[in-house]
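Data block below; observations after.
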2 protein chains.
Amino acid sequence: MDSCNKQAYRLFFSTLGNQSRLEILNALRNGKKNVTEICAAAKLEQSLVSHHLKELEYHGMIFREKNGKFSYFQLNKKTIQPLLQLIEDHMGEYCCKIARGER
Amino acid sequence: MDSCNKQAYRLFFSTLGNQSRLEILNALRNGKKNVTEICAAAKLEQSLVSHHLKELEYHGMIFREKNGKFSYFQLNKKTIQPLLQLIEDHMGEYCCKIARGER
DNA sequence: TTTTCATATGAAAAATAGTTCATCTATTTA
DNA sequence: TAAATAGATGAACTATTTTTCATATGAAAA
């Protein structure tokens, strides 16, 4: 973690540290979806979803593919999948109480 | 990523999505340190560091070990090291421009 | 047994991030 | 070509986080 990368680390993590963005990533687990489909799956409003999609794309978490009036998005599986696995393992050991909101 | 874990994911990521906390983790890369040593290494004020250490500990990122009037902290290497490697790889491909702050 | 050092803590202030709203553009359909 | 649909965007508003400040606690040293 050299100093010139600290900003990028911070951005990487804080991009993922948001409930709405996680819902969106979750909605994309089983493949490509357009904005309307993501809204429905994630139960989030269109404008909000568009803002977040832009952010997720900028940070390389998802890829965009335009098709006529539709924008299709898909997960960057190479990063996201092992990441989620890693967190899963971490949580198994340290975060049970956290998931339940205990202190 | 089942729904009952979403909150825990969010907390995991947002814990790491903060510059000061990353500085602290960075300061712990080469082994155990007490609060004063962390402050010096990370160039952060004591009170701020204490607040963040509490947060990092609660989320299982670091471990605390009290010794007299000193509190020693060390990285949870099992989680943090592979995590940083994973991000490193991700950034190599997608985030060069991000690290430089471009849009 | 007072003083000093190390750390913790709560509350206020400051900074940052997230959401909503109104509106705009582009594409497709009637 | 007018209306409808899909999505994007900027600005205002709201909420959350981070930092600071003043002070408390507890251990060790003088």
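Naming convention: chains lettered A, B, ... in sequence-line order (proteins, then strands); numbering from 1 in each chain. Owing to the predicted nature of the structure, the values given are computational and were not obtained by experimental measurement.
- One finds no side-chain N or O of N18(B) lying less than 4.0 angstrom from the OP1 or OP2 phosphate oxygen of dT17(D).
- When the P atom of dT7(C) is taken as reference, atom CD of E65(B) falls 13 Å away, rounded to whole Å.
- With hydrogens and angles ignored, a donor-acceptor pair closer than 3.5 Å exists between the side chain of S47(A) and the base of dT9(D).
- If you take CD of Q19(A) and P of dT19(C), they are 9 Å apart, rounded to a whole angstrom.
- For L48(A), the listed nucleotide lying nearest its side chain is dT19(C); candidates were dA8(C), dA8(D), dT19(C).
- Put simply, R10(B) has a side-chain N or O that comes within less than 4.0 Å of OP1 or OP2 on dT17(D).
- Nearest nucleotide to the S50(A) side chain, out of dG7(D), dT9(C), dT19(D): dG7(D).
- Stacking of H51(A) onto the six-membered ring of dT9(D) is present: less than 5.5 angstrom between centres, less than 30° between planes.
- For the pair K33(B) NZ and dT7(C) P, the interatomic distance rounds to 13 Å; values are reported in whole Å.
- As judged by a 4.0 angstrom heavy-atom cut-off over every strand, S71(B) is placed among residues touching the sugar-phosphate backbone only.
- Between N67(B) atom CG and dT7(C) atom P there is a gap of 11 Å when expressed in whole angstrom units.
- For the side-chain contact (heavy atoms from CB on, under 4.5 Å) with S50(A), the lone residue among Q46(A), K54(A), H52(A) that qualifies is Q46(A).
- dA28(D) atom C1' lies 15 Å from atom CG of N34(B), rounded to whole Å.
- In this structure, T36(B) does not reach the dC5(C) phosphate: none of its side-chain N or O atoms is under 4.0 Å from OP1 or OP2.
- Scanning atom types as modelled, no donor and acceptor separated by under 3.5 angstrom connect the side chain of Q46(B) and the base of dA6(C).
- Cluster membership check: L75(A) shares its hydrophobic cluster with L44(A), using side-chain heavy-atom separations under 4.5 Å among Ile, Leu, Val, Met, Phe, Trp and Tyr.
- In this structure, E37(B) contributes its side chain and N34(B) its backbone to a donor-acceptor pair below 3.5 Å.
- Phosphate proximity of dT19(C) to S20(A): present, with a side-chain N or O under 4.0 Å from OP1 or OP2.
- Residue K54(A) has a polar side-chain atom (N or O) positioned under 4.0 Å from OP1 or OP2 of dT9(D).
- Under the 4.5 Å side-chain contact rule for hydrophobic residues, Y72(A) and M61(A) do not share a cluster.
- Here dA28(D) presents its C1' atom at 13 Å from NZ of K66(B), a figure rounded to the nearest Å.
- In this structure, the CZ atom of F70(A) is 12 Å from the P atom of dA8(D), given to the nearest Å.
- Summarising the geometry, the separation between CD on E55(A) and C1' on dA8(D) is reported as 14 Å, rounded to the nearest angstrom.
- Partner assigned to dT19(C) is dA12(D), using Watson-Crick or G-U wobble distances below 3.5 angstrom.
- When each of L25(A), L48(A), V49(A) is paired with S20(A), the side-chain contact (heavy atoms from CB on, under 4.5 Å) condition holds for L48(A) and for no other.
- The distance from the CD1 atom of I38(A) to the CZ atom of F73(A) is 6.0 Å, given to the nearest 0.5 Å.
- Applying the 4.0 Å criterion to OP1 and OP2 of dT17(D), one finds that R21(B) has every side-chain N and O outside that range.
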